[in-house]
Amino acid sequence: MTLNIATQSASTDTLVQVRDLKVHFPVTKGLFSRGHGVIKAVDGVSLDIPRGQTLGLVGESGCGKSTLGRAIVGLTQPTGGSIRLAGQAESQRRDRRIQMIFQDPAASLNPRMTVGATLSEPVRLNGLRHGRAAVEERVQELLRLVGLDASAAHRYPHEFSGGQTQRVGIARALACEPEFIVCDEAVSALDVSIQAQIVVLLEELQQRLGLTYLFIAHDLGAVKHISHQVAVMYLGRVVEVAPKDALFGNPRHAYTRALLSAIPVPDPKVEKLRQRIVLRGDIPSPANPPSGCRFHTRCPVAIDQCRTLQPDWQQIGPDHRAACWRAYDLPALMPGSGAT
């Protein structure tokens with residue numbers, strides 16, 4: 001059975017709909033910057049993100065995760081495709097209902113502005129509150145939402161710890177009263193104990209405010225904890241999408257299975273016995289991706305069909321799809337993921 005995800009109509013509870021999104025960067029060379037090919041950072045991605053849920057997005061560095069997130073937010077101009085929020089196409093201007101939490105909290109904040117000024121600016125510019133008192137009240141409300149004291153409004157970013165600074169970044173994302181937030185490696189720069197606190201905070205805010213997240217991360221443990229669904233990306237394309245339990249329990253793309261096999265298991269006996277899948281070779285260049293399935297150059301179970309034909313989406317189960325010609329016989333070909 002095959003499924004072309006790009007032709008599916010979004011359900012009524014879909015908040016974000018991405019269709020055939022492409023982000024290609026020109027490669028120039030020489031004094032006159034003549035065209036010398038393109039980097040296909042995102043190359044035909046289609047996703048549906050249900051309202052009030054979290055879609056985790058995972059993959060190796062350089063696969064296009066952050067570029068996809070920035071294109072959805074409006075920080076990077078797409079080359080092609082469409083992005084719809086609640087069924088409406090995004091305009092060229094950034095939609096305040098879509099916000100972003102960045103990886104490096106310190107670098108994403110203006111060091112010359114107090115936290116109060118940072119939070120009040122988007123409130124004023126978008127006309128969400130009128131009058132100084134109302135704006136200041138909203139700033140205090142935002143600080144309370146992320147667990148910071150009211151006195152934080154008078155301090156500068158360098159006066160906070162990493163976790164506190166990221167809380168300020170979250171408050172800034174909430175300032176415009178968004179419906180959808182892209183969390184771009186929002187916890188990867190933090191200590192492990194602080195990561196857990198920020199993940200719990202994001203979950204609490206989602207429940208309280210009805211937020212929808214795209215959670216981009218390398219940490220598969222954090223993705224498993226916070227996500228409702230997970231999408232796996234490789235070399236500019238999504239290769240598997242599934243509900244969290246289905247993906248971690250029964251991955252059906254060879255790349256997904258290799259990623260999950262790298263998750264350490266707390267039990268030393270189980271960790272010693274389980275087999276990790278080590279991929280051979282390097283990731284191909286996005287400027288010259290392989291034909292057929294882009295993973296075939298590193299896939300341990302690739303066949304001739306994988307080298308010549310781009311795989312169709314195989315429907316594995318409810319909301320579980322994998323772009324792999326060997327999706328149905330993969331469990332017999334490769335060792336288990338080892339995920340728990």
Side-chain angles (χ1 to χ4, degrees), residues 15-16 49 51-54 69-70 72-75 83 85-86 88 90-187 189-190 194-195 197-216 226:
L15 178 65
V16 179
I49 307 179
R51 186 184 298 274
Q53 292 195 12
T54 298
R70 292 176 67 88
I72 293 175
V73 172
L75 296 178
I83 304 166
L85 179 69
Q88 297 179 347
E90 275 197 277
S91 63
Q92 294 297 323
R93 183 178 60 83
R94 282 190 59 195
D95 192 324
R96 70 167 181 82
R97 296 175 297 169
I98 301 179
Q99 296 297 318
M100 193 168 196
I101 301 170
F102 296 90
Q103 176 177 356
D104 186 344
S108 66
L109 299 173
N110 189 333
R112 295 181 176 86
M113 295 176 64
T114 64
V115 167
T118 296
L119 299 183
S120 64
E121 185 177 53
V123 175
R124 290 186 293 98
L125 291 178
N126 287 280
L128 299 174
R129 298 291 189 278
H130 299 285
R132 181 175 178 178
V135 172
E136 290 181 354
E137 182 181 355
R138 175 58 175 163
V139 169
Q140 296 301 316
E141 179 185 359
L142 290 168
L143 291 172
R144 287 194 298 270
L145 277 172
V146 299
L148 291 175
D149 189 80
S151 62
H154 307 291
R155 297 160 63 188
Y156 290 87
H158 72 270
E159 300 179 64
F160 294 92
S161 66
Q164 290 173 325
T165 308
Q166 190 59 292
R167 288 175 185 267
V168 175
I170 295 171
R172 182 181 59 181
L174 296 175
C176 289
E177 301 176 3
E179 297 179 49
F180 176 63
I181 297 178
V182 174
C183 306
D184 184 19
E185 301 282 0
V187 299
L190 306 175
I194 305 301
Q195 288 182 8
Q197 295 176 20
I198 296 299
V199 168
V200 170
L201 173 62
L202 291 172
E203 290 179 315
E204 291 174 349
L205 292 171
Q206 184 173 52
Q207 293 295 321
R208 183 171 180 176
L209 304 176
L211 298 170
T212 304
Y213 295 137
L214 174 64
F215 189 82
I216 302 169
I226 196 173

Under 4.5 Å between any side-chain heavy atoms of Ile170 and Ile101, yes or no? yes
By side-chain hydrogen bond (donor to acceptor under 3.5 Å, both in side chains), Ser161 pairs with (sequence neighbours left out) Gln164
Closest approach of Gly163 and Leu190, non-hydrogen atoms and distance? N-CD2, 4.0 Å
Is there a side-chain contact between Leu119 and Val123 (heavy atoms, below 4.5 Å)? no
Residues pairing under salt bridge (Lys or Arg N to Asp or Glu O under 4.0 Å) where one sits in residues 139-148, two or more places apart or in two chains, turn out to be Arg138-Glu141
Under 3.5 Å donor-acceptor, Gln166 side chain and Ala186 backbone: yes
Could I get the full list of side-chain hydrogen bond (donor to acceptor under 3.5 Å, both in side chains) partners for Glu136, not counting sequence neighbours? Arg132
To the closest 0.5 Å, what do you measure between CG (Leu214) and CG (Leu15)? 11.5 Å
How close do Ile72 and Phe180 get, heavy atom to heavy atom, and via which atoms? CG2-CE2, 3.6 Å
Which residue pairs pass the salt bridge (Lys or Arg N to Asp or Glu O under 4.0 Å) test with at least one member in residues 197-215, sequence neighbours excluded? none
For Ser108, enumerate each residue passing the side-chain contact (heavy atoms from CB on, under 4.5 Å) test, keeping only those at least two apart in sequence or located in another chain. Phe102, Arg172
Tell me the closest heavy-atom pair linking Leu202 and Cys183, and the distance in Å. CD1-SG, 4.4 Å
Please tabulate, for side-chain N and O atoms in residues 153-160, each donor-acceptor pair with protein atoms closer than 3.5 Å (sequence neighbours left out).
unit_1, atom_1, unit_2, atom_2, d
Arg155, NH2, Glu159, O, 3.0
Glu159, OE2, Tyr156, N, 2.9

Non-hydrogen atoms of Cys176 and Leu128 that approach each other most closely: CA-CD1, 3.5 Å
Can you name the residues that form a side-chain contact (heavy atoms from CB on, under 4.5 Å) with Ala134, not counting sequence neighbours? Arg129
Could you measure the distance from the CG atom of Leu174 to the CG atom of Leu209? Nearest 0.5 Å is fine. 6.0 Å
Contact check, side chains of Val146 and Val168, non-hydrogen atoms, under 4.5 Å: no
Using 0.5 Å steps for rounding, measure from the CD1 atom of Ile181 to the CZ atom of Arg97. 14.0 Å
Taken in chain and number order and not counting sequence neighbours, the residues that satisfy side-chain hydrogen bond (donor to acceptor under 3.5 Å, both in side chains) with Asp149 are Ser151
Backbone N/O of Ile226 and side chain of Tyr213: donor-acceptor pair under 3.5 Å: no
Rounded to the nearest 0.5 Å, what's the gap from CD on Glu179 to CG on Leu85? Could you check? 5.5 Å
If you look only at pairs with a residue in residues 101-124, which of them pass as a salt bridge (Lys or Arg N to Asp or Glu O under 4.0 Å), with sequence neighbours excluded? none
Polar side-chain atom of Gln206 near backbone of Leu211 as donor-acceptor pair, under 3.5 Å: yes
Heavy-atom donor-acceptor pair, Gln195 side chain to Val187 backbone, under 3.5 Å: yes
Considering non-hydrogen atoms only, spot the tightest contact between Ala173 and Met100 and give its length. CB-O, 3.9 Å
Does any non-hydrogen side-chain atom of Asn126 lie less than 4.5 Å from one of Glu177? no
Heavy-atom pair with the smallest gap, counting every atom of Leu143 and Ala152: CD2-CB, 4.2 Å
